[in-house]
Amino acid sequence: MRRKGLAFMAVQTPETPTAPGTDATNGNNAPGGTVSLGPAAALSCRECGERFALGPIFACEVCFGPLEIAYDLPSGDPEGLRKQIAAGPNSIWRYAPLLPVPADVVDRPGTNPGFTQLVKADNLARELGVTGSLHIKDDSGNPTHSFKDRVVAIAVEAARAFGFTTLSCSSTGNLAGAVGAAAARAGFRSCVFIPHDLEQGKVVMAAVYGGELVGIEGNYDDVNRFCSELIGDPLGEGWGFVNVNLRPYYGEGSKTLAYEICEQLGWRLPDQLVIPIASGSQLTKIDKGLKELIALGLVEDKPYRIFGAQAEGCSPVSRAFKDGHDVVRPVRPDTIAKSLAIGNPADGPYVLDIARRTGGAVEDVNDAQIVDAIKLLARTEGIFAETAGGVTVGVAKKLLENGVLDPSLTTVVLNTGDGLKTLDAVAPTTGPTATIRPSLAAFREAGLA
């Protein structure tokens with residue numbers, strides 16, 4: 001068992017703050033003492049397979065491995081399920097039959113993220129020499145302009161089910177904003193924790209929703225350690241930490257990216273995906289979502305390759321992949337891609353497994369390449385990505401140049417956030433072409449005519 005690092009947090013998991021058997025649909029004790037979260041049947045350990053009742057726990061009591069949701073999913077009628085999905089709302093709730101949420105989730109107050117654009121990036125494809133079909137999955141269109149709205153929406157339903165009163169998280173920025181917005185909409189108190197030196201745009205966005213925002217002196221890993229201590233303290237009673245004690249539910253939100261991509265491709269699997277790595281959870285859950293679609297018969301089973309993307313200044317998974325290691329050694333982050341600056345990624349070993357199993361790879365790019373890629377995507381497709389999007393586009397470009405990505409296949413590159421949140425990355429080299437007097441003569445003199 002290689003996930004022993006979870007042990008110190010698992011023993012601090014709080015007791016469920018309400019009586020066992022809280023029903024997700026109405027907050028009352030459910031018949032038979034069970035929690036109702038749609039098709040979610042149990043929590044299952046990724047390492048040893050031990051199963052546990054649904055609850056606010058995230059590490060196996062037997063081996064301390066990470067827990068994830070096990071399902072009783074619908075089967076036997078893929079065409080009927082496709083029609084049911086198509087008739088649903090233009091949000092992640094169209095996939096409610098495949099998620100750990102109650103059946104009436106669409107009627108509850110929430111931010112309703114998802115069903116963002118899958119942009120066919122023909123201009124970028126020509127620039128990069130791609131002859132196949134290149135797409136950008138642009139999650140900057142979510143309510144708080146990042147993919148984190150997806151995972152938080154699922155976590156909110158678990159928080160309701162387990163009777164939590166406060167939503168919290170450790171965050172590199174985007175998650176803090178998503179939690180603040182979702183809590184405000186759903187009627188929770190929120191208190192979120194961030195590194196003290198985040199981009200100003202993310203700080204403001206996290207604070208504007210009226211919850212408590214606490215800066216911690218240190219990097220994300222310091223923030224995460226603090227939150228694990230708070231969970232085990234009476235001060236944290238009644239708190240749902242979306243990416244700690246609610247992590248098994250939270251992580252399932254990333255599967256909806258896989259669902260949407262395949263539906264938007266006409267219920268087909270892409271051949272190649274380039275996905276950013278912070279904790280690694282997004283990449284592993286996208287893979288899980290693709291496998292579920294295959295098992296349900298919603299897409300034809302065929303090979304696909306998954307590529308992970310990191311910033312050079314925080315690239316422990318990329319380094320492990322290139323060195324042929326199974327262990328991901330923690331690093332101290334130093335990169336402009338702060339949303340990916342997690343030096344000890346919890347799902348790093350599983351990312352390595354998926355990249356190797358699918359015939360993919362994990363690559364990294366430096367800060368200058370990130371900025372160049374942000375500008376390239378903006379110039380060719382009119383999409384202003386945050387630094388994490390610069391990482392994925394930059395890595396896709398590097399993999400194409402190195403002959404690792406096949407330019408003839410259908411490729412999807414993820415942009416997980418809005419460039420307006422990371423203006424500092426491009427501001428020093430981006431500005432007016434010229435500043436002139438308000439006259440045609442001045443315009444001609446500037447050589448712009």
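Note: hydrogens, waters and symmetry copies are ignored here, and every other heavy atom, side chains too, is used. Quantities reported herein were computed from a predicted structural model and do not represent experimental measurements.
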Between [X] and [Y], what is the shortest heavy-atom contact and its length?
X	Y	result
L269	C262	CD2-SG, 3.8 Å
C191	V214	SG-CG2, 4.1 Å
A341	Y220	O-CB, 3.7 Å
P39	P97	CG-O, 3.2 Å
V156	A186	CG1-CB, 4.1 Å
A337	I370	CB-CD1, 4.2 Å

Between [Y] and [X], is the closest basic N to carboxylate O distance under 4.0 Å?
X	Y	value
E199	K421	no
K322	D364	yes
E260	R150	yes
D104	R108	yes
E401	K398	no

Rounded distance (nearest 0.5 Å) linking atom [atom1] of [X] with atom [atom2] of [Y]:
X	Y	atom1	atom2	value
I194	S170	CD1	OG	11.5 Å
Y209	T144	OH	OG1	5.5 Å
L399	L128	CG	CG	11.0 Å
K285	K291	NZ	NZ	10.5 Å
F443	I436	CZ	CD1	6.5 Å
C169	L175	SG	CG	4.0 Å

So does [X] have more than 12 non-hydrogen atoms from other groups sitting under 6.0 Å from [atom1]?
X	atom1	value
K120	NZ	yes
R357	CZ	yes
K202	NZ	yes
Q264	CD	yes

Who are the salt bridge (Lys or Arg N to Asp or Glu O under 4.0 Å) partners of D424, not counting sequence neighbours?
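None.
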Non-hydrogen side-chain atoms of [X] and [Y] separated by less than 4.5 Å:
X	Y	value
L273	I261	yes
L167	R189	no
F115	P89	no
R319	V331	yes
H325	L352	no
V151	Q282	no
E292	L73	yes
V351	V362	yes

Any side-chain donor near an acceptor of the partner, [X] and [Y], under 3.5 Å:
X	Y	value
K148	Y250	yes
N112	S91	no
D271	T411	no
Y304	D287	yes
T416	D139	no

Walk me through it: do R160 and F188 pass the test side chain to side chain contact (heavy atoms under 4.5 Å, CB included)?
CA-CA 9 Å; R160 284 183 172 128; F188 285 87; 3.8 Å; yes
Under 3.5 Å: donor-acceptor pair, side chain of [X], backbone of [Y]:
X	Y	value
E68	S44	no
E363	A309	no
T284	S281	yes
R305	G359	yes
N415	G417	yes
N366	A368	yes
N402	V404	no
N219	I342	no
N142	S146	yes
S318	S315	no

Walk me through it: do E217 and D197 pass the test side chain to side chain contact (heavy atoms under 4.5 Å, CB included)?
CA-CA 8 Å; E217 296 177 359; D197 61 348; over 6 Å; no
What class does the angle between the rings of Y95 and Y259 fall in, given that below 30° is parallel, 30 to 60° is tilted and above 60° is perpendicular?
tilted
Against L118, only a single residue in D138, I136, V412 fulfils side-chain contact (heavy atoms from CB on, under 4.5 Å); can you say which?
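That would be V412; it is the only one of D138, I136, V412 passing the side-chain contact (heavy atoms from CB on, under 4.5 Å) with L118.
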Can you tell which of V413, I306, I354, V395 makes a side-chain contact (heavy atoms from CB on, under 4.5 Å) with I275?
I306
Only one of F58, F162, F241 clears ring-ring contact (aromatic ring centres under 6.0 Å, His included) with Y249; which?
F162
Could you pull out all donor-acceptor pairs under 3.5 Å where a side-chain atom in residues 371-394 meets a protein atom, sequence neighbours excluded?
from	atom 1	to	atom 2	distance (Å)
K375	NZ	T429	O	3.1
K375	NZ	T429	OG1	2.7
R379	NH2	E127	OE2	3.0
T380	OG1	L376	O	2.8
E381	OE2	D122	N	3.4
E381	OE2	N123	N	2.9
E381	OE2	L124	N	2.8
E386	OE1	N174	ND2	3.1
E386	OE2	N174	ND2	3.3
E386	OE2	S339	OG	2.8
T392	OG1	G389	O	3.0
T392	OG1	L414	O	2.6

Identify the residue among K137, R268, R94 that makes a salt bridge (charged side-chain N to carboxylate O under 4.0 Å, His left out) with E263.
R94
Applying salt bridge (Lys or Arg N to Asp or Glu O under 4.0 Å), run through D77 and R82 and close with a yes or a no.
CA-CA 9 Å; D77 184 16; R82 285 194 202 98; over 6 Å; no
